[in-house]
Amino acid sequence: EAIIGVHLVAVAMANSGNLKLEMLCSGTVCGLAFSPNDKNILASGSFALGHRLRFWDLTKTEGTGKEDYFLGVQRPGVLCFLHFSRRGNILMAGGGDALCSIVRMPRLPCKERDFPTFQTTPSHGDFVRNGILFANDTRLVTCCWDDTVRLFDLLVEHWRVLKPLQKVTLDVYLQQAGVELVDGGSWSCDLSTDETTVAAATCSGVICLLDSMTLELTGLLRSHAKEVRFVHYDPSRRFRLVSGGQEGCIKVWNTAKGKCVRTSDRLFEVSCCKFSVDGSFIGVVGEAPQVFLLDSESLYPILKMDVPGRYGEFRGRVVTFSPWGRLLASGHADHMIRIWQLPLIGPTLQHICRMVITDTLTKKSDVDKLPLPNRLKSFLKYQPYY
């Protein structure tokens with residue numbers, strides 16, 4: 001690990017992330033999402049008089065100006081999250097009005113009259129903190145500040161209000177497991193790559209693993225000392241989860257074994273932490289004037305990008321990678337979106353092999369059946385499923 005750390009420090013000294021673009025929004029930026037269909041289109045949502053949704057063309061120095069919409073009527077409150085579906089045909093947004101909105105996307109760019117009507121979930125009990133769509137766009141899972149996780153049916157497109165399927169209260173599961181409860185709800189949730197498990201963060205320092213069809217508890221991840229504020233599954237590995245929270249450390253988990261396999265040094269109170277698309281890196285923002293890029297294997301900082309601004313204004317709220325991994329977008333409390341150009345640090349051959357194995361083979365033992373030399377098999381089996 002010491003050798004790896006020295007190598008990464010050398011790489012970081014040779015390559016620094018450049019601030020490519022700054023864009024001013026109408027409030028604290030709480031939602032960012034790159035379009036899967038166009039790497040130059042970024043959607044943003046912010047704290048304003050309503051759920052203000054804007055599309056930015058990153059090939060220009062400013063927002064497009066023409067594609068600035070509201071999701072339905074103006075509703076007061078903060079927009080807590082913004083996500084595209086994997087195919088890019090649906091955009092989800094939700095927040096302080098206790099609703100989650102589902103927008104059927106037209107081809108961008110488009111005129112305001114072409115922007116579609118949207119569906120909404122029934123009212124939640126409090127802030128909707130996150131929402132994730134299944135790959136086939138048939139179901140939606142949300143987590144809420146009232147400590148509930150809910151599952152909705154999207155099959156009937158003409159419904160304006162989505163049909164609820166399941167609802168569970170995380171505090172009930174935690175009480176049954178003997179966990180000391182802390183006031184607060186669920187900060188974040190995510191769906192595993194194989195869509196079998198929902199991970200939900202809680203203020204009690206525990207991550208709940210739920211069956212994605214029934215929302216029954218399947219496991220608990222315990223290692224955080226304080227509230228967990230964000231969880232995100234590695235898009236390239238089915239059992240790999242990253243989490244961060246109030247204590248300021250980033251943790252990587254093997255959810256199949258229920259173990260924390262790596263913990264970073266203390267950075268700052270974490271607001272958001274996400275894997276890159278290929279799982280090589282982790283972007284981190286929080287209560288500090290920096291945006292961190294971590295190596296996902298060792299959790300050593302590869303880059304530390306300083307955010308200009310006065311104290312209290314630089315707090316990071318959200319971070320996300322572009323589909324090709326060359327750009328990192330961060331949203332901050334000073335109403336600014338910052339686009340960072342990442343250096344030419346690509347995934348290793350070993351990491352690419354692991355991603356291929358995870359996508360094509362169901363078990364690690366299947367590698368032994370391949371007609372390959374033993375040394376090459378050993379190379380391919382290097383942590384492909386953790």
Side-chain angles (χ1 to χ4, degrees), residues 23 25-27 29-48 50-58 63-64 66-75 77-121 124 127-143 150 152-162 188-191 232 235 272 274 277 317-323 327 329 331 337:
M23 302 174 293
C25 291
S26 55
V29 182
C30 297
L32 287 175
F34 279 96
S35 169
N37 300 327
D38 189 336
K39 63 182 180 180
N40 294 315
I41 297 295
L42 177 71
S44 70
S46 61
F47 181 92
H51 281 333
R52 193 168 180 80
L53 177 63
R54 174 171 287 180
F55 293 94
W56 305 87
D57 184 351
L58 300 186
T64 60
K66 296 180 181 178
E67 292 140 7
D68 189 4
Y69 307 106
F70 289 90
L71 296 182
V73 297
Q74 288 191 353
R75 299 193 294 262
V78 58
L79 191 146
C80 295
F81 75 92
L82 196 64
H83 290 305
F84 277 101
S85 64
R86 294 185 187 179
R87 292 185 291 174
N89 61 323
I90 292 178
L91 182 67
M92 298 162 289
D97 58 2
L99 297 175
C100 177
S101 301
I102 310 298
V103 181
R104 308 281 173 171
M105 294 298 298
R107 183 179 296 275
L108 296 175
C110 65
K111 297 184 181 298
E112 185 170 0
R113 65 174 180 268
D114 299 325
F115 201 73
T117 57
F118 63 93
Q119 299 167 284
T120 60
T121 63
H124 294 63
F127 279 53
V128 184
R129 299 296 309 189
N130 209 353
I132 304 294
L133 265 179
F134 285 64
N136 57 7
D137 300 339
T138 60
R139 292 190 175 194
L140 166 73
V141 62
T142 64
C143 67
R150 305 173 192 227
F152 296 94
D153 184 8
L154 274 68
L155 282 176
V156 184
E157 292 192 9
H158 66 267
W159 284 354
R160 291 300 300 271
V161 179
L162 300 176
S188 172
C189 68
D190 198 18
L191 186 64
H232 185 234
C272 182
K274 283 188 177 181
V277 177
R317 286 291 175 255
V318 62
V319 66
T320 189
F321 287 88
S322 66
L327 298 178
I337 301 171

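Predicted, not measured: the structure shown is a model, and the values here were computed from it.
For the pair Pro323 and Pro36, the tightest heavy-atom approach, listed with the atom from each and the gap, is CG-CA, 4.4 Å. Here the shortest heavy-atom pairing between Val141 and Cys189 reads O-SG, 4.4 Å. Scanning both residues, Phe34 and Phe84, for their nearest heavy atoms gives O-CD1, 3.3 Å. The shortest heavy-atom contact between Leu133 and Met92 is CG-SD, 3.3 Å. Nearest heavy-atom pair, Val277 versus Pro235, reported as atom, atom and distance to 0.1 Å: O-CB, 3.5 Å. Residues Lys274 and Val319 come closest through the heavy atom pair CD-O, 3.1 Å.
The shortest distance between side-chain heavy atoms of His232 and Asp190 falls below 4.5 Å.
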Handout entry: Derivation and outcome, side chain to side chain contact (heavy atoms under 4.5 Å, CB included), residues Val128 and Phe81
Key = CA-CA 8 Å; Val128 184; Phe81 75 92; 3.7 Å; yes

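Under the side-chain contact (heavy atoms from CB on, under 4.5 Å) rule, His83 has a single partner from Asn130, Ile90, Leu91, which is Asn130.
With sequence neighbours left out, Arg139 forms a salt bridge (charged side-chain N to carboxylate O under 4.0 Å, His left out) with no residue at all.
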